[in-house]
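On a predicted model such as this, the values are computed, not experimentally measured, just so you know. By convention in this document, chain letters (A, B, ...) are assigned in the order of the sequence lines, proteins followed by strands, and residues within each chain are numbered from 1.
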Amino acid sequence: MRQRTLIGVVTIAALIALWFLATTVLELVSPGRFPSPPDTIAALWHVMLGGYGGGTLIEHVYFSLRLVALGFIVAIVTGVPLGLLMGWSRRAEALINPIFLIIRPIPPLAWIPLAILWLGLGDGAKILVIWFAAFVPSVINSYAGVRNIDRPTLEAAAMLGMPRFRFVTEVLLPGASPMIFTGLRLSLQASWTTLVAAELVGAFYGLGRVLNVAQQDLYPGMILVGMIAVAILGWGTTRLLGLVETRALAWNQAALAAKG
Amino acid sequence: MGRISFDDVGRVFGPSNKGVVALQDINLGVEDREFVAIVGPSGCGKTTCLRLVAGFDFPSSGTVSVDGKTVRSPGPERAVVFQQFALFPWKTVYDNIEIGLRNQGVAREQRRERIGAILDLMGLQSYAESFPHQLSGGMQQRVAIARAYVLDPDVLLMDEPFGALDAQTRVVMQEELVRLARKNPRTVLFITHAVEEAVYLADRVAIMTRAPGRIKEIMDVASVRKAENWDSYERIEEVMDLESFVHMRTHIWRSLREEKAAQPAE
Ligand SMILES: Nc1ncnc2c1ncn2[C@@H]1O[C@H](COP(=O)(O)OP(=O)(O)OP(=O)(O)O)[C@@H](O)[C@H]1O
Ligand SMILES: [Mg+2]
């Protein structure tokens with residue numbers, strides 16, 4: 001494990017060195033196409049201290065993070081229960097599945113124009129689009145999670161006389177939780193993708209807005225700063241979700257390890 | 001309380017005119033606190049019989065009743081021990097055993113007492129806070145038996161409960177079950193492939209025909225056990241050496257072999 005970390009660090013250091021070499025030292029890539037490290041750091045200072053595209057870096061980060069969190073939470077709060085319901089009740093599945101079959105082939109990003117038309121350039125449109133994108137993986141994986149619970153487990157619950165609410169919270173939910181978390185991870189990724197896209201198209205703040213303005217200003221250093229910021233936030237939030245998952249599924253991790 | 005009764009029970013899977021006939025004309029009564037084992041060739045419908053009593057499945061004809069009431073749904077008064085244990089992997093041993101009592105509305109203090117007693121009885125005291133996957137197969141099946149016994153059920157239904165265990169563990173569990181059943185007798189319907197297990201544990205052994213399953217004959221082991229005083233022996237291998245045991249076992253073996261021989265080649 002430590003050796004792997006070390007190799008990872010070395011790889012990243014080598015990449016940065018190569019970047020420095022190709023841009024600043026050898027000037028193989030023109031600074032108008034890809035920024036050099038000093039350009040990037042200058043752009044970083046610029047947006048952090050002076051502000052750019054309508055705000056400082058912290059403000060943009062706060063804005064994007066807040067929208068992702070809101071959209072993601074709305075999506076899972078609606079998506080997970082719906083998936084559980086569809087997994088449990090054949091009638092609910094029969095009712096809802098056709099709607100899914102129609103909506104699923106539409107890429108979530110294709111909803112952006114309509115969302116902006118309805119709700120303007122503010123928060124509402126973006127939350128709506130994130131909801132569309134993040135909802136589907138939550139539903140599908142929660143559904144599959146319930147379907148994956150094996151029959152004897154369900155029969156044991158029935159034999160033990162489980163009341164309905166307790167059955168949902170103590171059997172259905174934990175039984176489906178490994179798949180639910182898979183869904184949450186996909187939902188989170190979808191949230192970031194859609195948020196950045198939505199902000200690129202139209203926004204007053206946010207990292208997508210920074211990227212959009214920097215592109216119009218022909219400012220490669222700032223574009224790279226925006227990209228790196230999105231990457232770090234995406235990585236960080238995924239990591240956070242991973243920590244929650246490890247705690248919630250402690251029984252499952254160990255069960256998997258025990259199986260070999 | 002806990003009289004099981006199969007009356008002219010039939011079960012057909014699939015469309016009634018050309019479905020698979022799993023059970024036909026099953027008539028069997030299990031008395032209160034009697035231990036009945038069912039043996040029969042693979043696929044003859046043993047599991048189906050047990051599922052009908054559990055309320056997981058329903059007969060196509062005839063009725064299955066417990067204490068005169070037709071079985072309509074699963075319930076804790078008919079506790080099931082599954083072959084693959086079917087414990088909740090996300091709950092500790094204690095919580096697995098406790099959940100049935102919580103469902104029955106037993107107060108916390110009483111739950112603690114009853115679970116403590118059953119953990120002691122099954123030799124599980126030091127595993128209360130373990131998760132199922134941290135235990136061996138034999139230990140997991142003890143938990144499953146404890147989970148069923150703690151409900152104080154009228155009827156215990158066991159479908160090859162020791163089928164997934166290795167030979168040594170199996171013997172230990174058989175002795176343990178006899179000990180438990182003596183201390184706290186229940187009506188038991190027990191399914192097994194192992195003839196010796198059936199003869200060692202049961203009061204009566206029902207032998208089934210190959211599919212479509214019927215009851216071929218019912219052996220009365222209890223009277224032989226009493227007459228030959230099997231219960232005076234501590235260990236299973238001592239009982240298994242007795243002439244009366246061997247005689248009973250061989251008879252059942254022959255009966256089963258006839259069924260297998262009659263099976264059409266596939
Ligand atoms: N849900 C079902 N749908 C269709 N056929 C079924 C179903 N359950 C059982 N059967 C059929 O009924 C017959 C009896 O099955 P059952 O599982 O009761 O046999 P068994 O005696 O328990 O066999 P084994 O010794 O292998 O456990 C088999 O032919 C089986 O394929
Ligand atoms: Mg079976």
Side-chain angles (χ1 to χ4, degrees), chain A residues 80-81 83-84 87-90 141-142 144-184 242-260, chain B residues 47 50-51 53-57 71-93 95-106 129-137 139-140 143-144 147-148 150-153 155-161 164:
Chain A
V80 172
L84 293 178
W88 181 238
S89 152
R90 299 216 168 237
N141 285 282
S142 307
V146 173
R147 281 300 160 90
N148 270 354
I149 302 176
D150 58 2
R151 194 169 78 170
T153 303
L154 297 174
E155 287 177 347
M159 176 271 281
L160 291 165
M162 212 71 89
R164 182 163 302 187
F165 181 74
R166 186 172 293 162
F167 175 74
V168 172
T169 55
E170 298 193 28
V171 178
L172 226 49
L173 203 57
S177 58
M179 291 289 288
I180 291 177
F181 271 102
T182 303
L184 296 193
L243 288 177
V244 176
E245 179 176 359
T246 313
R247 294 208 62 170
L249 299 187
W251 59 270
N252 194 47
Q253 313 280 341
L256 291 179
K259 271 184 199 153
Chain B
T47 296
L50 186 124
R51 293 174 59 81
V53 183
F56 297 149
D57 190 19
V71 173
R72 301 209 185 279
S73 62
E77 73 286 356
R78 281 162 286 124
V80 181
V81 177
F82 297 83
Q83 179 171 3
Q84 294 303 334
F85 323 140
L87 299 169
F88 302 118
W90 48 87
K91 286 184 183 294
T92 61
V93 166
D95 293 345
N96 262 287
I97 300 174
E98 187 184 33
I99 185 81
L101 294 177
R102 279 169 59 210
N103 294 342
Q104 289 179 335
V106 178
E129 295 311 315
S130 303
F131 284 96
H133 60 82
Q134 296 170 317
L135 307 179
S136 66
M139 281 295 174
Q140 290 188 50
V143 178
R147 177 176 75 176
V150 82
L151 297 170
D152 208 5
V155 172
L156 262 176
L157 304 167
M158 307 179 131
D159 189 359
E160 301 192 44

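A salt bridge links A/Glu170 to B/Lys91: at least one charged side-chain nitrogen sits closer than 4.0 Å to a carboxylate oxygen.
Applying the salt bridge (charged side-chain N to carboxylate O under 4.0 Å, His left out) test to every pair with at least one member in residues 71-89 of chain B, sequence neighbours left out, gives no pairs at all.
In this structure, A/Glu245 contributes its side chain and A/Phe181 its backbone to no donor-acceptor pair below 3.5 Å. Listed for the B/Asp57 side chain is no donor-acceptor partner under 3.5 Å among the backbone atoms of B/Arg51.
Annotation: the span from B/Thr47 atom OG1 to B/Asp159 atom CG amounts to 3.5 Å, rounded to 0.5 Å.
Put simply, of B/Leu87, B/Leu151, B/Ile99, B/Thr92, the one with the most heavy-atom pairs under 4.5 Å next to chain A is B/Ile99. With chain A as partner, the option from B/Gln84, B/Arg147, B/Gln104 having the largest number of non-hydrogen pairs under 4.5 angstrom is B/Arg147.
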ring-ring contact (aromatic ring centres under 6.0 Å, His included) for A/Phe167 and A/Trp88? Distances and angles first, verdict last. CA-CA 11 Å; A/Phe167 175 74; A/Trp88 181 238; 5.0 Å; yes
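Near-neighbour residues of residues 151-160 of chain A relative to chain B, defined by a heavy atom under 4.5 Å from a heavy atom of that chain, comprise A/Arg151, A/Pro152, A/Thr153, A/Glu155, A/Ala156, A/Ala157, A/Ala158, A/Met159, A/Leu160.
Ring planes of B/Phe56 and B/Phe82: parallel class, angle under 30° (limits at 30 and 60°).
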